[in-house]
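Working notes, beginning with the structure itself.
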Amino acid sequence: MDSQENVLNNEAQLEETNQQPVAEEVVKQEEYVVNPEPAAEEQSATEEPVAEEPVVEEAAVEEEPAEEPQEEEPAAEEEPSEETASKKVYATKKEVIERIKELAHGDESPTKEEVDLLKTTFYKLHFAEREAAQKAYLDAGGDPEKYTILPDEDEEVFKAEMGVVKEKRAKMFLEQEAEKQENLKKKLDIIEKIKGMVTSPEEANKNYQEFKKLQQEWKEIRLVPAEKANELWRNYQLYVEQFYDLLKLNSEAREYDFKKNLEIKNRLCEAAEKLADEPDVISAFHQLQKLHQEYRETGPVAKDLREEIWTRFKAASTVINKKHQQHFDNLRSKEEENLARKTELCEKVEAIAKEENKGAGDWERHTKQIIDLQAEWKTIGFAPQKMNVKIFERFRAACDDFFGRKAEFFKDMKAKFAENADKKRALIEQAKALQDSTEWKSTSDKLIALQKEWKTIGMVPKRLGDQLWNEFLTACNKFFEARNAANQGTRTAERDNLQKKRDIITQLKALAEEAGENVQEKVQQLVDDYQGIGHVPFKEKDKIYKEYHEVLDKLYKELNISTARRRLDNFKSNIKSMAERGGDILDNERARLMRRYEGLKQEIQTYENNLGFLNASSKKGNSLIDEMNRKVQKLKDDCELVRQKIKAIDAENAEES
């Protein structure tokens, strides 16, 4: 009877063993920190790890060493991953450094999750401070080319303490590996001892107390190498079941063990069911792993209750596992959405970088657009891990390309500004050299020419431009104010000139009623007299000018042409007599006409230069400009007459030769 009962118990134990729950674990990611170089208005970023969906395995998942040696432990005993660690918030770099110092020099064992969190948080704060300092410098009018990143003493302290922590964790890792190997050896020894107890029912019964002691020792031994964990547990469970099969205990003792084990497993079921109300999905999942570990280590229950208790525990586990899986499905969906948004931002920055910038205004407008896109980028969460770094590198490359070309543009513009400033300083020196001159006419012309040249020079920075213009204007005004003061004594003469011009206008109006060929000669004589009269009072200038030209236009529309023709005919008639008197007379006359011709051309050029300046900058009345235009036309007509006279002399010389 005992033998048959032992066989049944053994089958039940094996059945329950095959129905142990399958633990799930999250494959955790290594954190990375992206440290972009700053541009003129460019901004930096810190990327954090992205959680990946859970991978279901039969055995506990081991974590491979990454940047530094990491602990390897069964999934049920790992610390919560990224979400749980991120609950801790550090507002300043000082808080981060204080915590990293505690981990570096205290007795506390630093976990990978907390170390990663501290590193990510520190560099987020570090780059935020750097961006704020650069922005403040640029907002204050600083030169982007001269901005330099100052060393951060906090960063040096942080790196030093982080190095201590890494050494500490590396040492812990090696110690833990050695401990795992030692624990493996201990558990193998326990299995061998139990194996030696299952040779016969008598041996099993005799060694029962030793067997219970070995079971307790097994529970107290914790970490073993992950690749050996499942095989080790299966072997242990096999020989434990075989021991129970061979053990000759009375029914009361067996029932007592079954009852105690049932109480434990009921408690584990209740704990697993309560996890369904845990708001932190990751925490609930890791707590479930610990419950699974304890369930495995608890002995069997009565055969008729095994299926029921296992089904209950498995159902509670399924609820948590589904919520855990859904959590990571949602994360993956959100990450895909973030990738799409970040891709769109990359395309926008790349499009802006390709646009043509014709001047500083275009560069500043496009800079503002890119800075706005950078700000939007920071509001978007992580993309899938495989694309997270790539998409950021694409975004940063487009920004760097734009800001690099912008810096080159402003560098060239700065050089051009310096060249323009030097040209304007040279004009200032010339104006200062003329400001005390008393040669009113010639100096006025020179200063007007300098003012015209000033307007042809390109831009300089506004502050410097205002300063240079004030210096130049002060020198010009000093001369013109002195000239105006010197001309105060001419007011009486100007009033006399006004009366003379009015008399001539009266005579011109009278000639308008006469007829005959000699009218032209009289008009021309009055015109010559009018031109020989000096300035009139400024207030009367426009009025007398208008009155004069109204009557003159009526009499003299084509007077200049007809007079010029008559004068040329008279000159040609006199050439013969001059030629008969000797060739030197013609040559001398030609030389005189050439001097007259060159003088007229120079005078025309001066008037045209003055007209250009008045058209560009003078706010005075149009009457002065009209008068100067008429004067220029008269000079051109005279110049043409002289040219024709020279041509006639040349023709006469050709006939004689």
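As the structure is a prediction and not an experimental result, all values here were calculated from the model. Residue numbers run from 1 in the order of the sequence given.
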Against Gln293, only a single residue in Lys290, Arg296, Gln289, Glu297 fulfils side-chain hydrogen bond (donor to acceptor under 3.5 Å, both in side chains); can you say which? Glu297
May I ask you to decide if [Y]'s main-chain N or O and [X]'s side chain share a donor-acceptor pair within less than 3.5 Å?
X: Lys168; Y: Leu103; result: yes
X: Asn183; Y: Leu223; result: yes
X: Arg405; Y: Ala353; result: yes
X: Thr343; Y: Leu339; result: yes

Taking Lys186 first and then Glu217, would you say they form a salt bridge - that is, a charged N and a carboxylate O separated by under 4.0 Å? no
Looking at Lys390 and Glu393, is any side-chain nitrogen of the basic one under 4.0 Å from a carboxylate oxygen of the acidic one? no
Would you call the rings of Phe402 and His366 parallel, tilted or perpendicular if under 30° counts as parallel and over 60° as perpendicular? perpendicular
Ring geometry between Phe122 and His126 (parallel below 30°, tilted from 30 to 60°, perpendicular above 60°): parallel
Can you confirm whether the side chains of [X] and [Y] place a donor and an acceptor under 3.5 Å from each other?
X: Glu220; Y: Gln216; value: yes
X: Glu177; Y: Gln181; value: no
X: Gln326; Y: Asn330; value: yes
X: Gln287; Y: Ser283; value: yes

Do other residues, nucleotides or ligands put more than 12 heavy atoms under 6.0 Å from the [atom1] atom of [X]?
X: Lys260; atom1: NZ; answer: no
X: Lys323; atom1: NZ; answer: yes
X: Glu156; atom1: CD; answer: yes

Evaluation steps, side chain to side chain contact (heavy atoms under 4.5 Å, CB included), between Asp372 and Gln369: CA-CA 5 Å; Asp372 290 342; Gln369 293 174 0; 5.6 Å; no
